[in-house]
Amino acid sequence: MSEGPEDQKPAGDNLESLLPIDEHIEEGQDAEGRKVRHRGIYLLPNLFTTANLFAGFYSIINAMNGNFYVAAAAVFVAMVLDGLDGRVARLTNTQSAFGAEYDSLSDMVAFGVAPALLAFEWALGSMGKVGWMVAFIYVAGAALRLARFNTQIGSVDKRYFIGLASPAAAGVVAGTVWAFSDFGIKGSNMSFAVALLVAAAGCLMVSNIKYYSFKDLDLKGRVPFVAILAVVLVFAVVFSDPPRILLLIFLAYAFSGPIQYLLQLRRRKTV
């Protein structure tokens, strides 16, 4: 017996009935403030987020296998992808609550677990229980940093991060491992210094120290021609010695917050 048009179901519903997976439905508001329900997720920004998650997982696998320079490089690749997913979502107007939560979970893997395990496998493991405790401090700091960031969206100045951003903290840890392991230096020979660095990065993430976020930079507007020359120069400098240059950049950024904080305290005392 043939089915009429009213008896036929859309292909998407037929596929959904075959798979034990519920469709994602998200509530939001339209331009007039009315509640609307959106079915499905945006593909493009979540592709970048998935690539970010994969880079973090790839870093973990290589760290466990002793490929420290590959694991560290994968963390920096994850940073690029993490920066792209948010900007792509804003440029294409495809932001969603699902994307924001997925991005945070991916960041936890790429910038929380991966750098901590990388540092542990390279240097902290030789310290026994102290080593894994220091690694856990970093992981906990990253988790708390991301949770606090999600709850403060819309209530803080977008020009500044409260606490060191997790990608920057990961850059400090991964850059340290990459820079020194590239010279053939064993992490066990400098385990104490690495422990202090990892613990400090974890504490800075949950601190109230402000860091410039660079979110007020206008990437869509016109700039002087010399700006593109400056970008070319930056790329040339970074790729001349990626491990050391990237480490110096992220160390400078990590120290910029405490330095600005101390300068502000000094100004208050002199007023």
Checklist entry - If you round to the nearest 0.5 Å, how far is CG of D82 from CZ of R87? => result 11.0 Å
Checklist entry - Just by distance, with hydrogens left out, do S207 and Y261 show a side-chain donor and acceptor under 3.5 Å apart? => result no
Next on the checklist: Applying a strict under-4.5 Å side-chain criterion to I, L, V, M, F, W and Y, I'd like to know whether V130 and F136 cluster together.
Outcome noted: no
Checklist entry - Transitively linked via ILVMFWY side-chain contacts under 4.5 Å: M127 with L196? => result no
Checklist entry - Under 6.0 Å between ring centres, would you say that holds for Y138 and F111? => result no
Checklist entry - Between the main-chain N or O of I162 and the side-chain N or O of R148, is there a donor-acceptor pair closer than 3.5 Å? => result yes
Item to check | Value rounded to 0.5 Å, distance of CE in M190 from OG in S126 | outcome: 11.0 Å
Checklist entry - Between A110 and P115, what is the shortest heavy-atom contact and its length? => result O-CD, 3.3 Å
Next on the checklist: Is the shortest side-chain heavy-atom distance between L118 and V173 below 4.5 Å?
Outcome noted: no
Next on the checklist: Quick one, M205 and F161 - any side-chain contact, counting heavy atoms below 4.5 Å?
Outcome noted: no
Checklist entry - Is L204 reachable from F214 through a run of I, L, V, M, F, W or Y residues, each pair having side-chain heavy atoms under 4.5 Å apart? => result yes
Checklist entry - Using the benzene-type ring in the case of Trp, are the ring centres of Y160 and Y211 under 6.0 Å apart? => result no
Checklist outcome for this item: Here the salt bridge (charged side-chain N to carboxylate O under 4.0 Å, His left out) pairs for residues 45-59, sequence neighbours left out, are none
Checklist entry - Which atom names give the shortest non-hydrogen contact between A116 and V139, and what distance separates them? => result CB-CG2, 3.4 Å
Item to check | Modelled atom types, side-chain donor and acceptor of N52 and S106, under 3.5 Å | outcome: no
Item to check | Interatomic spacing from CD in E121 to CE in M64 - rounded to 0.5 Å | outcome: 7.0 Å
Item to check | Path from L84 to V231 over hydrophobic side-chain contacts below 4.5 Å | outcome: no
Checklist entry - N62 side chain to Y58 main-chain N or O, any donor-acceptor pair under 3.5 Å? => result yes
Checklist entry - Can you find a pair of side-chain heavy atoms, one from N46 and one from D103, that are under 4.5 Å apart? => result no
Next on the checklist: How close do V198 and A119 get, counting heavy atoms only, and between which atoms?
Outcome noted: CG2-CB, 3.9 Å
Checklist entry - Hey, does the side chain of T49 reach the backbone of Y102 with a donor-acceptor pair shorter than 3.5 angstrom? => result no
Item to check | Exercise: identify the closest heavy-atom pair between D85 and P45 | outcome: CB-O, 3.5 Å
Checklist entry - L124 versus W132: any side-chain heavy-atom pair under 4.5 Å? => result no
Checklist outcome for this item: Taking every heavy atom of A71 against every heavy atom of S59, the minimum-distance pair comes out as O-OG, 2.8 Å
Next on the checklist: Is it the case that the side chain of S181 and the backbone of G184 share a donor-acceptor pair, with hydrogens and angles ignored and the cut-off at 3.5 Å?
Outcome noted: no
Checklist entry - Stepwise, does the side-chain contact (heavy atoms from CB on, under 4.5 Å) test hold for F180 with W122? => result CA-CA 10 Å; F180 288 96; W122 183 64; 3.6 Å; yes
Next on the checklist: When you group the ILVMFWY residues by side-chain heavy-atom contacts below 4.5 Å and let the links chain together, are L117 and M108 in the same group?
Outcome noted: yes
Next on the checklist: Show, in sequence, the C-alpha distance, side-chain angles and deciding distance for L246 and W178, and conclude whether the side-chain contact (heavy atoms from CB on, under 4.5 Å) test is met.
Outcome noted: CA-CA 10 Å; L246 289 173; W178 192 4; 3.9 Å; yes
Checklist entry - Quick one: are the ring centres of F255 and Y253 less than 6.0 Å apart? => result no
Item to check | Exercise: identify the closest heavy-atom pair between V75 and A114 | outcome: CG2-CB, 4.5 Å
Item to check | Any side-chain donor near an acceptor of the partner, S104 and N150, under 3.5 Å | outcome: yes
Item to check | Test log, rule side-chain contact (heavy atoms from CB on, under 4.5 Å), inputs I60 and V109 | outcome: CA-CA 9 Å; I60 292 173; V109 174; 4.2 Å; yes
Next on the checklist: Main chain of V172, side chain of T176: is a donor-acceptor contact present, judged purely on distance under 3.5 Å?
Outcome noted: yes
Next on the checklist: Assess the residue pair L229 and L233 against the criterion (side-chain contact (heavy atoms from CB on, under 4.5 Å)); give the C-alpha distance rounded to whole Å, side-chain angles, the decisive distance to 0.1 Å, and a yes or no.
Outcome noted: CA-CA 6 Å; L229 297 179; L233 178 61; over 6 Å; no
Next on the checklist: Is any side-chain heavy atom of Y69 closer than 4.5 Å to one of P243?
Outcome noted: no
Item to check | Qualifying salt bridge (charged side-chain N to carboxylate O under 4.0 Å, His left out) pairs with a residue from residues 231-244, counting only residues at least two apart or across chains | outcome: D182-R244, D241-R244
Checklist entry - Any sub-3.5 Å donor-acceptor pair from R145's side-chain atoms to L164's backbone N or O? => result yes
Item to check | Heavy atoms of other groups near F192 CZ, more than 12 under 6.0 Å | outcome: no
